[in-house]
Protein chains: 2
Amino acid sequence: MTLDPDLFSDCGTDRPLIRIGDKWTMKIIVCLRDGPRRFGELIVPLRITAKVLTESLRAMERDGLLTRTAYGENPPRVEYALTPLGRTLLEPLAAICAWSAAHQPEVLRARSA
Amino acid sequence: MTLDPDLFSDCGTDRPLIRIGDKWTMKIIVCLRDGPRRFGELIVPLRITAKVLTESLRAMERDGLLTRTAYGENPPRVEYALTPLGRTLLEPLAAICAWSAAHQPEVLRARSA
DNA sequence: GTAGCCAGTTTCGTTGCGGTAACCGGCACC
DNA sequence: GGTGCCGGTTACCGCAACGAAACTGGCTAC
């Protein structure tokens, strides 16, 4: 594997641009990959609390990763959808998931050894 | 972009297999990509404290990502090197760094808007 | 008038990652 | 016999993330 020496230069910043590794960002993006979802359609499969989900969604909205659309109905309806920018994150995320899937046995074997 | 529907299935676990997003794992791997390094050669460029570096290295050693070789010399000399398994992480890491570099302006623009 | 729906917000408490500072052990040099 | 070098370890601490539970608000249906 040949790697551009400067490929990692932007990883040297104090805090990563997007907290890929935080507990929820990645899962929310994956949950939204097939189309918009409502608050309640995220909270159940993710098994996240309302507070943390709200915080995560707001942060991702601020970063331009997803959009929040509130319809003035009652009971309330709010839909969250990935932006094109958010969609571009699916590819590197897939790379990590593929690595996880491929090397999980190896890591677990190393851990138990 | 076409994505295997099951590609993300392994990301649904409670804790990710490797804490890619933790503050140091990624940087340590990048620091070791050109060959083995000593404790002191990691602590200076990373600007990490001894305690946290030790903890991170031990955890990565447990996971089989790197090896620790202590030479019985004095003053002590210890070298850390990526294993083949650790090297395979460079590729997905590069994907994330590339994303960061490519989309940083977009994110920052969204944040300030 | 009360109960339920949805999408939150508020309050309070816990946990764990990361940081600071001090100390350790063996040798080598002066 | 004191000092420095290297690679740690130990004790303590703060903050941000995470979580549980109760509450809100506006509308609808009974």
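Residue pairs meeting the salt bridge (charged side-chain N to carboxylate O under 4.0 Å, His left out) criterion with at least one member in residues 64-76 of chain B, sequence neighbours excluded: B:Glu73-B:Arg77. Judged as a salt bridge (charged side-chain N to carboxylate O under 4.0 Å, His left out), not a single pair has a partner in residues 94-109 of chain A (not counting sequence neighbours).
A side-chain contact (heavy atoms from CB on, under 4.5 Å) with A:Arg37 holds for exactly one of A:Leu82, A:Val78, A:Leu42; it is A:Leu42.
With DNA chain D read from its 5' end, the first of the two nearest nucleotides for A:Lys51 and B:Lys51 is the one closest to B:Lys51.
Interface residues of residues 53-61 of chain A facing DNA chain C, ordered by number: A:Thr54, A:Arg58; criterion, heavy-atom separation under 4.0 Å.
Remark: B:Thr25 engages B:Ile18, B:Asp22, B:Ile29, B:Met60 in a side chain to side chain contact (heavy atoms under 4.5 Å, CB included) (not counting sequence neighbours). Residues passing the side chain to side chain contact (heavy atoms under 4.5 Å, CB included) test with A:Pro36, sequence neighbours excluded: A:Glu79, A:Ala81. With sequence neighbours excluded, no residue forms a side chain to side chain contact (heavy atoms under 4.5 Å, CB included) with A:Ala113. Partners of A:Pro92 by side chain to side chain contact (heavy atoms under 4.5 Å, CB included), not counting sequence neighbours, listed by chain and number: A:Leu89, B:Ala95, B:Ile96, B:Trp99.
When rounded to the nearest whole Å, the span between CD1 of A:Ile48 and C1' of D:dG19 equals 10 Å. Atom CD1 of B:Ile43 is separated from atom P of D:dC6 by 12 Å (rounded to the nearest Å). Rounded to a whole Å, the CG atom of A:Leu46 is 16 Å from the C1' atom of D:dA17. Rounded to a whole Å, the CZ atom of B:Arg47 is 16 Å from the C1' atom of C:dG18. The CD1-P distance, from B:Ile28 to C:dC17, rounds to 14 Å in whole Å. Distance CG (B:Leu42) to P (D:dC6): 14 Å, rounded to an integer number of Å.
B:Leu90 has its side chain within reach of B:Arg87: a pair of non-hydrogen atoms, C-beta onward, lies under 4.5 Å apart.
One hydrophobic cluster holds both A:Met26 and A:Val44 under the rule that ILVMFWY side chains link at heavy-atom gaps under 4.5 Å.
In this structure, A:Lys23 reaches the D:dG19 phosphate: one of its side-chain N or O atoms is under 4.0 Å from OP1 or OP2.
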Polar-atom pairs under 3.5 Å, protein N or O versus N or O of nucleotides 5-7 of chain C: list them with distances, or write none.
from, atom 1, to, atom 2, distance (Å)
C:dC6, O3', A:Arg38, NH2, 3.1
C:dC6, O3', A:Pro76, O, 2.9
C:dA7, OP1, A:Arg38, NE, 2.9
C:dA7, OP1, A:Arg38, NH2, 3.0
C:dA7, OP2, A:Gly40, N, 3.2

